[in-house]
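Here's the structure we're looking at; comments come further down.
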Amino acid sequence: MLIIGDLTGQVGDPTGRSATRTVLRPEEATANSATYVEQVLRVLDPDRVELRRNSEWLAGLTLPDVLREAAGLTVAQLLERDDFTRRFSAGQPISLAEFLYPLLQGYDSVAVRADVELGGTDQTYNLLVGRDLQRAHGQQPQVVLTVPLLEGLDGVEKMSKSLGNYVAIADPPEEQFGRLMSVPDRLTTRYAALCTDLPPEELAALEADVAAGGTRSGAAKRRMAAAVVALYHGPAAAGAAEESFNLRYRDRQVPTDVPEAPLPGGDPVHLPGALVAAGLAGSTSEARRALDGGAVRLDGRVLDAGRYDLPREELAGRVVQVGRRRATRFSG
RNA sequence: GGGUCGGUGCCCGAGUGGCCAAAGGGAACGGGCUGUAAACCCGUCGGCUCAGCCUACGGUGGUUCGAAUCCACCCCGGCCCA
């Protein structure tokens, strides 16, 4: 069974947070949960998973219900948690909603009469609250099973979408491969251990290669990245992803397999505007700066600073790149 | 409810009437070097029809030739008291 925390998602898990989380609107929480489901079902067999939303049971709780459950939890216990302690002593606000979070999550276990609950090590506290509540309800307390947390691409924070340091399960192979290659060296082995099915001998070899440094370390990271990609897209796609990665980033070739974007109308084409329209820049100001900073290439050739209006025929059908990662082809 | 301190750009944080799109640091982005690693160096880091203009320092209103800076009220947070 997979529980989607659609109701608890509105509160936001305070775990590991150093700032108050704002309460999401129900629509936002629903939108988030849809993407979870989409990703999870790439890993779990849809025919064998029972999906439940915790609003099913949490939304129907009455105030007396909540009070009864809350009576068993003490403020001292909650404050013992590292994240709360830190915020409390730093003089930062902690909302009551956040304080209630472990209780709500714990109640999930009661509602589904859980035997075993699985979570990251950061969830230990929340999972244990589930045991307490089950006991209070005369149920056999669940077994708690935790798995190590994966650090994100920055190598510091835990991997999370809101921090932007993640590789998405639904990302295309090239994207996954590229992101994995940007991980700090010291995490190569960890990623391989936690995110691939590589056998122990191979993991040991990887570790030795990383320790050796230089290109051996780089090669080890490639094997790790390929193994991860293969898990979600198959070995063939993983190989192709590595190949296109090599061409694009190692050999610095102009990428050919890029999305197309329509060229805006008019004859001298205002390039900053076109870059924004193509999604290669967030604003025309940003596009101008990129242009002036030598970050914009047309078919591999760096464009001159200060030239913002270019004749149509210079752009049509060409590949524009902003930095090495963003690229598109102007159609027509 | 009372007292007190505070709310500045993604984050931290300087700025107490003009020299402020706002020091400094971090993050991020681009360039160099490289193994799209790390370290290091350089540049950028509100928006626009971009040598100018617009919007911005919790909100609203006011004082002033001129306000992030002064005044009033309001909103939000920390701490102490209740």
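As a basis for the values below, the full set of heavy atoms in this structure was taken, side chains included, without hydrogen atoms, waters or symmetry mates. Just so we're on the same page: letters track the sequence lines, and every chain starts at 1.
Proximity of A:T284 to the phosphate of B:C48: a side-chain N or O atom is located under 4.0 Å from OP1 or OP2.
Among the nucleotides B:G30, B:G31, B:A37, the one closest to the side chain of A:A295 is B:G30. Of the candidate nucleotides B:G77, B:C50, B:G30, B:G77 has the atom lying nearest to any side-chain atom of A:P93. Of the candidate nucleotides B:U49, B:C79, B:G31, B:U49 has the atom nearest to the side chain of A:R288.
Distance noted for atom P between B:U8 and B:G59: 10 Å (whole Å). To the nearest whole angstrom, the two P atoms, one in B:G66 and one in B:U55, are 16 Å apart. Using P as the reference atom, B:U64 and B:C81 are 44 Å apart when rounded to the nearest Å. With both ends at atom P, the span from B:C54 to B:A22 equals 16 Å, rounded to whole Å. Across the C1' atoms, B:A67 and B:C57 are found 11 Å apart, a figure rounded to whole Å. The separation of B:C74 from B:G1, taken at their P atoms, amounts to 11 Å, rounded to a whole angstrom. Taking atom P in both B:G30 and B:G78, one finds a spacing of 39 Å when rounded to whole Å. Separation of the P atoms belonging to B:C65 and B:G47 is 34 Å when rounded to the nearest angstrom.
For an aromatic pair to be called close, the ring centres must be under 6.0 Å apart, and A:F245 with A:Y249 satisfies this.
Here B:A28 presents its P atom at 11 Å from CG of A:L153, a figure rounded to the nearest Å.
Below the 3.5 angstrom threshold, one finds a donor paired with an acceptor across the side chain of A:D185 and the base of B:G35. Side-chain atoms of A:S285 and base atoms of B:C50 include a donor and an acceptor less than 3.5 Å apart. One donor-acceptor pair, N or O on each side, does fall under 3.5 Å between the base of B:U34 and the side chain of A:R252.
Residue contacts shown for A:G178 include a base, since a base heavy atom lies under 4.0 Å away. In this structure, A:G91 reaches the sugar-phosphate backbone alone: every heavy-atom distance under 4.0 Å involves primed, P, OP1 or OP2 atoms, never a base. Residue contacts shown for A:S217 include a base, since a base heavy atom lies under 4.0 Å away. Contacts of A:G273 with the nucleic acid, taken as non-hydrogen atoms under 4.0 Å apart, are absent. When heavy atoms are screened at a 4.0 angstrom cut-off, A:R216 is found touching no nucleic acid atom at all. Backbone-only contact: A:R289 has heavy atoms under 4.0 Å from sugar-phosphate atoms and none from a base. Within 4.0 Å (heavy atoms only), A:V322 reaches no atom of the nucleic acid at all.
The side-chain tip of A:R87 does not point at the ring of A:F84 from less than 6.0 angstrom away and within 45° of straight on.
A salt bridge links A:E242 with A:R222: the closest approach of a Lys/Arg side-chain nitrogen to an acidic carboxylate oxygen falls below 4.0 angstrom.
Here B:A67 sits opposite no nucleotide as a Watson-Crick or G-U wobble pair (both hydrogen-bonding atom distances under 3.5 Å).
Within a 6.0 Å sphere centred on CZ of A:R135, heavy atoms belonging to other residues, nucleotides or ligands number more than 12.
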